[in-house]
Each structure stands twice: as C-alpha cells, then as structure tokens.
Amino acid sequence: MSIKEKLPKCLFCENTSYKKTAYEDTLFNHKVFEYIQCSNCKLVYVSPLPNYDDLDKMYPVNYQGELVKKTTGCYDKLFTLINQHGNYTTILDYGCGGGKFIIEALSNQFEITGVEFNPQLVGNLKKHLPQATFYTTEEFFKTESQYDVIFLSNVLEHLTSPLETMLFLKGKIKENGIFVIEGPIENNFNLTKIFRKTIFCIRKSILNSKASHVPTHVLYANRENQEMFFRKIGISTLYYKVDEINWPFPMTYKECDTLKKKFLYFIASISVKFGKIVPNWGNVFLFIGKVHNSSN
Ligand SMILES: [Zn+2]
C-alpha cells in the first residue's frame with residue numbers, strides 16, 4: 001500500500017504535500033505507520049492515522065497506570081498562573097488519565113470535570129473521585145456544559161483530528177475563559193532532538209531498521225507550528241513557555257544501569273543545561289491562550 005493512498009492532510013495546516021523523515025517506521029497492530037513531515041508547516045505526523053481499532057488497542061484500561069490517590073501540590077504553580085488570568089471556578093480536564101490533575105484541582109476548590117477515552121477507566125474514576133464529574137469522550141461530545149478553563153496535559157500529541165477536537169473544545173469555553181495546554185513538542189530544537197534524529201537517520205537509511213513502538217504520539221510539533229495551529233483555530237497566546245526535560249532519555253542517574261543509559265543521560269543533561277540559556281530550546285511546553293472573537 002503506497003503512502004499516497006493513505007495520506008492524511010497535515011493535522012495542523014491541512015496541506016497535502018509532505019516529505020519523508022528520519023523517524024523510523026513502526027509496526028503496530030499488523031500495520032506499518034510512517035512519520036512524514038508537512039512541507040508547509042513542518043509538522044511531523046503519522047501516516048496512516050490510527051483507526052478506531054488501533055486506538056482501542058493503543059489505550060487499554062491500564063495505559064494510564066494507577067489511579068492517583070494523593071495530592072502532591074505538583075500543580076500549585078500552575079493554579080497560581082491560572083488565577084492570575086481571571087476568577088475561574090470550573091475546569092475541564094480533557095484527557096484526565098488517572099486523575100493527577102483532578103485531585104489537585106479538587107483540593108484547590110475548583111469544580112472539575114474529567115474526560116477519558118476508555119469507559120472502564122471512566123467507571124473507575126467515578127468511584128474513586130465522586131466529588132468530580134467524569135465522562136467518556138463519546139458521552140462528553142453529547143453534553144452542553146461550558147467551562148472557565150479547559151486543561152489538556154499530554155493530549156494534543158495523541159489527537160488524530162486535532163483541528164476538529166480543538167474547534168469543538170473552543171465551543172465549550174465560557175466567555176473570557178482560557179485554554180491551558182501542556183505536553184511535549186518533540187520536533188522542537190534541542191540537542192537531544194539532533195542526537196536522536198541522527199541515530200534514527202543512520203538506523204533508517206543504513207540499517208533499514210523498523211521500530212516497534214506504539215504510535216500513540218500521532219504528531220511531533222515544534223513551537224512555531226503549534227502556535228500557528230492555535231492561531232488558525234482562533235486561540236491567541238497569553239503565555240507560552242518552552243522547557244526541557246531529560247525525557248525520552250533517563251530522567252535520573254540512578255536509573256542508568258547500563259553504559260548506554262549513562263551516555264544518553266549525559267546527552268540529555270547537557271541539552272537541559274543549554275535549554276536554561278537558549279530561548280525556545282526544549283522539548284516540552286506550557287501554553288495559555290484565549291479565544292478570539294473572530295476566527296482569524
Ligand atoms: Zn502543516
């Protein structure tokens with residue numbers, strides 16, 4: 001099957017021309033998924049896009065790990081930032097996982113609603129945190145509620161139709177409400193990315209190897225194409241911060257039990273240090289945006 005037959009439009013700018021990338025093809029659910037790059041906005045995205053059957057296998061109930069039982073204060077700085085933008089009471093956590101953000105929002109006195117893909121996980125969350133409201137993605141699309149804040153953490157890179165999903169979510173924001181979005185920007189500039197791409201390029205072009213990871217991240221963005229995408233759907237930037245973490249390399253030296261891991265940890269640590277001084281250098285982002293009155 002040729003790539004052209006299955007080629008989806010660019011998930012951000014809807015352009016249809018593309019080029020191949022250094023990212024290895026991956027085999028999942030008896031299919032080969034390729035990572036291609038939009039010739040216009042440089043977004044890297046997977047082709048073909050995962051269908052319902054692929055998604056069902058990608059996100060089993062244990063995908064999100066254990067339900068979160070205790071608050072840690074890990075979002076305290078974020079709540080301070082949110083409160084600086086307005087007097088908000090209701091938050092939607094779209095893609096709430098095991099409830100990490102939900103439990104923190106509850107302890108900060110917010111009215112919180114969580115949405116998840118897997119119905120069994122949603123059932124478990126309802127029992128675990130009865131003070132919050134939960135919906136499956138399917139149920140949520142039929143609701144009419146609106147929220148002051150819509151929060152997406154590590155979600156955007158999983159969306160197979162980010163344009164439709166974000167436009168729908170835009171309609172769920174109350175007047176003067178905000179989007180708070182965080183996650184990876186895997187194709188943004190940093191040393192780790194250059195190192196990984198070089199290795200991928202060698203493996204793909206010389207060794208002709210294939211990867212076998214689950215293509216849960218359907219898109220690899222950078223700051224530029226991501227902000228273009230937000231503007232295109234009518235969300236303007238109030239705050240944007242790029243940061244860098246060791247991921248996908250080892251996060252701590254303790255977990256480096258092989259020489260290879262120690263080397264990767266070393267590369268990531270140098271990259272993180274550069275990230276502290278070079279603007280827009282990094283692999284994760286935090287965005288706060290508000291809805292435009294008109295859509296351009
Ligand atoms: Zn594009």
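All values below were derived from every heavy atom in this structure, side-chain atoms included, with hydrogens, water molecules and symmetry-related copies excluded. Both ligands and their constituent atoms are indexed starting at 1 by order of listing.
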Handout entry: Non-neighbouring partners of Pro60 that pass side-chain contact (heavy atoms from CB on, under 4.5 Å), sequence neighbours left out
Key =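 side-chain contact (heavy atoms from CB on, under 4.5 Å) check on Pro60 returns Asn62, Tyr63.
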
Handout entry: Contacts of type side-chain contact (heavy atoms from CB on, under 4.5 Å), residue Ala132, not counting sequence neighbours
Key =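 Once residues adjacent in sequence are excluded, the partners of Ala132 under the side-chain contact (heavy atoms from CB on, under 4.5 Å) criterion are Ile102, Leu106, Ile112, Phe134.
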
Practice task
Under 2.8 Å from the Zn ion (ligand 1), which protein N, O or S atoms are there? Could you list them by chain and number?
Solution key: Cys10 SG, Cys13 SG, Cys38 SG, Cys41 SG

Problem - Centroid-centroid under 6.0 Å between Phe110 and Phe151 rings - result: no

Practice task
For residues 84-97, pull every pair meeting side chain to side chain donor-acceptor pair (under 3.5 Å), keeping only residues two or more places apart or in separate chains.
Solution key: Thr89-Asp148, Thr90-Asp148

Handout entry: CD/Glu175: more than 12 non-hydrogen atoms of other groups inside 6.0 Å
Key = no

Practice task
State, to 0.1 Å, how close Val46 and Pro215 come at their nearest heavy-atom pair, and which atoms those are.
Solution key: CG2-CB, 4.3 Å

